[in-house]
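Notes follow the structure.
Order of the sequence lines fixes the chain letters, A, B, ..., with proteins taken first and strands second; residue numbering starts at 1 for each chain.
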Amino acid sequence: MAQKPSIPKGTRDFIPAEMTKRRYIFDTIRSVFTLFGYHAIETPAMETLDTLMGKYGEEGDRLIFKILNSGEFQQKISAENLSHNSSQQLAAKLCEKALRYDLTVPFARFVVQHRNDIQFPFKRYQIQPVWRADRPQKGRYREFYQCDADIIGSDSLINEIELVQIIDSVFTLFDIPITIKINNRKILSGIAEIIGEPEKIVDITIAIDKLDKIGLENVQKELASKGLTEEAINKLNPILSLSGNYTEKIHTLSQLLDASEIGKKGIEETEYIFSSLSHLSISADVELDISLARGLNYYTGAIFEVKSQTVAIGSICGGGRYDNLTGVFGMPDISGVGISFGADRIYDVLNQLDKYPQEITQTTRILFVNFGEQESQKALQYMQSVRKQNIACELYPDNAKMKKQMKYAHDKDIPFVAIIGEDELRSENITLKNMSTGEQTSHTINSLCTEIK
RNA sequence: GUGGAUGUAGCUCAGUUGGUUAGAGUACUAGAUUGUGAUUCUAGGGGUCGCCGGUUCAAGCCCGGUCUUCCACCCCA
């Protein structure tokens, strides 16, 4: 026997039942994006390696899937290159293309490239797969979909507020209870400035992020090992032990960051966002979380992250403000802000909560039973009328046992079955069976359509 | 990239100190029921025990390697 076929690590097939659920997720997110005035774009699965490299930090570069050049690429590699260069450098010579790692960087490239064709502020959404050479785990795949909405070319904080509303709308539709965590990169910069270690902002935020997991003492140890002085660590203490509700947190922070211009700016922005949200109807819990440190490589203002309150799976949506993402592609001073929904994790959460609307599994509305040549010909005629009423129907293609055809309807969750046998042919009627009640009634084609609509 | 587990029927899992022909539930197919699908009863098909190698008279079980999936770290959606 041939070896069983397989698919690459971290990738998945989807059977029809799974696709139905996934499409429901994509359609829901898409409908909200549209409702808020965003337009769809698509970019290629692969980008040039130059476009992607260096945009995601050292860790990110390692996780980019590279595509081997076609043709006689090996002849261009000198023996010296082969023996002396690192695999990283060699890869750069063997590969000119790579699979996209996220949708934000290709979008920045897109904006720069099409700057004369698009209207600013530019609101776009994009639902496409991305690839990461990560080690797979639960909720972590090598191929997964991101659903991004970004607005570029506007500094207004209205955009941040709108994105929070989008997040809230989407998860309200999914009926997933969530917490939206908000932070601001400028607050983090302010903190680093105040304690006199502006260079160490990344180390500091990563350490703060671990507070829940490893405790205050270990965080302090970690900070010391990163080269922070005892004095600096002591200055950080009030921030590490920051607690209470939003008002208390923001009050403490404004006192601590009074001497930092950038810190004050961050607080001002955050207060504006929270105050505006408080006048809107938002179902999700929204909290200020200064330990939120995601995407430090390019975020410059507000940072968002969404977590399910009931299912532990990492963040299911994230985003933030980036002031100069297009700068690296030669278009400076354009500010953007965006969010990304992790459709595959939302899929996992919904599966766990089993919160799909019942309607989505129903595709065919009525199945016509096949009793043989004459009967199925009649059914085909009837079905034209049914489809004209925009009712999805199908005829069982084989003259199989009725039991089997009934089971087919049952398994496919088809709510109605039309029976046209000898008797019905004679009387010009259709017997309609309601699969949920088991009731059978006699109909003309017109009354049948009305009945099942 | 680091550390730790896992793999037996389509799915969920039993399988004793290594010992005849590897089991159960469920799903599937057929029949009981020749015009009726969530129940019931009966029968049937389906396995290179992840893969490769080693130890042994003998391996699902022991050893080595490899792949997969999963968990923690890292990072992230």
Side-chain angles (χ1 to χ4, degrees), chain A residues 1-12 15 25 29 56-64 87-88 100-104 127-148 167 202 205-206 209-210 213-214 222 292-297 299 303-308 312-320 338-349 367 369-372 375 396 399-425 431-440:
Chain A
M1 194 178 90
Q3 238 190 358
K4 277 184 189 170
S6 64
I7 53 175
K9 187 195 283 204
T11 64
R12 293 154 299 160
I15 60 173
I25 293 170
I29 293 172
Y56 308 104
E58 207 178 313
E59 179 82 5
D61 284 354
R62 204 166 50 79
L63 299 179
I64 293 172
S87 57
Q88 187 85 240
R100 73 165 96 78
Y101 175 90
D102 70 356
L103 300 178
T104 308
I127 298 178
Q128 289 192 276
V130 302
W131 294 268
R132 293 183 190 179
D134 210 345
R135 183 179 285 204
Q137 284 180 32
K138 193 173 207 72
R140 178 180 297 190
Y141 308 101
R142 288 186 149 184
E143 178 186 60
F144 61 96
Y145 273 79
Q146 287 192 331
C147 311
D148 276 30
I167 293 171
V202 173
T205 48
I206 287 174
D209 186 41
K210 289 182 181 168
K213 283 183 191 167
I214 62 175
E222 176 154 336
L292 181 56
R294 62 185 313 289
L296 275 175
N297 283 306
Y299 289 134
I303 308 173
F304 309 107
E305 184 172 278
V306 177
K307 289 214 158 170
S308 159
I313 197 165
S315 71
I316 50 182
C317 177
I339 47 166
S340 176
F341 290 87
D344 296 84
R345 285 185 178 174
I346 294 172
Y347 173 70
D348 289 343
V349 171
L367 174 79
V369 174
N370 187 325
F371 272 107
E375 292 87 343
Y396 197 88
N399 182 6
K401 290 218 164 86
M402 186 144 176
K403 181 186 170 106
K404 188 168 181 172
Q405 302 192 38
M406 281 294 177
K407 188 165 164 45
Y408 176 83
H410 176 247
D411 288 348
K412 276 189 72 175
D413 212 5
I414 299 174
F416 295 100
V417 171
I419 298 166
I420 303 161
E422 254 179 86
D423 301 346
E424 286 82 359
L425 270 187
T431 301
L432 175 71
K433 174 165 177 144
N434 181 322
M435 292 296 279
S436 55
T437 62
E439 257 180 324
Q440 289 191 193

Practice task
Would you indicate, yes or no, if B:rG31 has its OP1 or OP2 atom less than 4.0 angstrom from a side-chain nitrogen or oxygen of A:K401?
Solution key: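 It does, given that an N or O in the side chain of A:K401 lies less than 4.0 Å from OP1 or OP2 of B:rG31.
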Handout entry: B:rU68 OP1/OP2 closer than 4.0 Å to side-chain N/O of A:K9
Key =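 Yes, such a contact exists.
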Output yes when a side-chain donor or acceptor of [X] lies under 3.5 Å from a complementary backbone atom of [Y], and no otherwise.
X      : Y      : answer
A:Q405 : A:A400 : yes
A:N370 : A:G372 : yes
A:R345 : A:R140 : no
A:R132 : A:G60  : no

Problem - Residue met sooner reading RNA chain B from 5', once A:E422 and A:R142 are mapped to nucleotides - result: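 Result: A:E422.
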Handout entry: Given RNA chain B, 5'-ward residue of the pair A:P8 and A:K307, judged by closest heavy atom
Key =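 Per heavy-atom nearest nucleotide, the more 5' residue is A:P8.
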Nucleotide [N], atom [atom2] - distance to [atom1] of [X] in whole Å:
X      : N      : atom1 : atom2 : value
A:I7   : B:rC67 : CD1   : P     : 17 Å
A:E424 : B:rU36 : CD    : C1'   : 12 Å
A:Q405 : B:rG37 : CD    : P     : 12 Å
A:Y299 : B:rC76 : OH    : P     : 10 Å
A:I64  : B:rC76 : CD1   : C1'   : 14 Å
A:E59  : B:rC76 : CD    : C1'   : 9 Å
A:D134 : B:rC70 : CG    : P     : 13 Å
A:K412 : B:rA38 : NZ    : P     : 18 Å

Completion exercise
Per-residue pairing states of RNA chain B in dot-bracket (Watson-Crick or G-U under 3.5 Å; . unpaired, | other strand) read (((((.(..((((.....[...)))).(((((.......))))).....(((((..]....)))))).)))))....
Picking from [options], which would you name as closest to the side chain of [X]?
X      : options                : value
A:F371 : B:rG35, B:rC74, B:rA32 : B:rG35
A:P136 : B:rC70, B:rC74, B:rG35 : B:rC70
A:R132 : B:rC70, B:rC76, B:rA30 : B:rC76
A:K433 : B:rC75, B:rG37, B:rG35 : B:rG37
A:R345 : B:rG35, B:rU29, B:rC76 : B:rC76
A:K407 : B:rC28, B:rG1, B:rA32  : B:rC28
A:T431 : B:rC70, B:rG37, B:rG35 : B:rG35
A:M402 : B:rC73, B:rG35, B:rG37 : B:rG35
A:Q137 : B:rC75, B:rA72, B:rC70 : B:rA72

Exercise for the section: Using only heavy-atom distances, determine whether the side chains of A:T431 and A:E424 contain a donor-acceptor pair under 3.5 Å. Expected result: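 Yes, side-chain donor-acceptor contact under 3.5 Å.
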Using the [atom1] atom as the point on both nucleotides, what is the distance between [M] and [N], in whole Å?
N      : M      : atom1 : answer
B:rC76 : B:rG46 : C1'   : 42 Å
B:rC67 : B:rG23 : P     : 33 Å
B:rU39 : B:rG47 : P     : 26 Å
B:rG19 : B:rA38 : C1'   : 46 Å
B:rU66 : B:rG3  : P     : 13 Å
B:rG50 : B:rU69 : C1'   : 11 Å
B:rC63 : B:rU68 : P     : 22 Å

Assign [X] to base, sugar-phosphate, or nothing according to its heavy-atom contacts below 4.0 angstrom with the strands shown.
X      : answer
A:F341 : nothing
A:I419 : base
A:G10  : sugar-phosphate
A:D102 : nothing

Practice task
Answer yes or no: side-chain N or O of A:R135 and base N or O of B:rU69 forming a donor-acceptor pair under 3.5 Å.
Solution key: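 Answer no: no donor N or O sits under 3.5 Å from an acceptor.
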Problem - Donor-acceptor pair (no angle test) under 3.5 Å: A:Q440 side chain, B:rU36 base - result: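 Indeed, a donor on one side and an acceptor on the other fall under 3.5 Å apart.
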For the student: nearest non-hydrogen atoms of [X] and [Y], plus distance:
X      : Y      : result
A:S315 : A:E305 : CB-CG, 3.4 Å
A:F304 : A:G320 : CD1-N, 3.9 Å
A:I313 : A:I316 : CG2-CG2, 3.8 Å

Exercise for the section: Look at the aromatic rings of A:Y101 and A:Y56 and report parallel, tilted or perpendicular, splitting at 30° and 60°. Expected result: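 The rings of A:Y101 and A:Y56 sit tilted, inter-plane angle from 30° to 60°.
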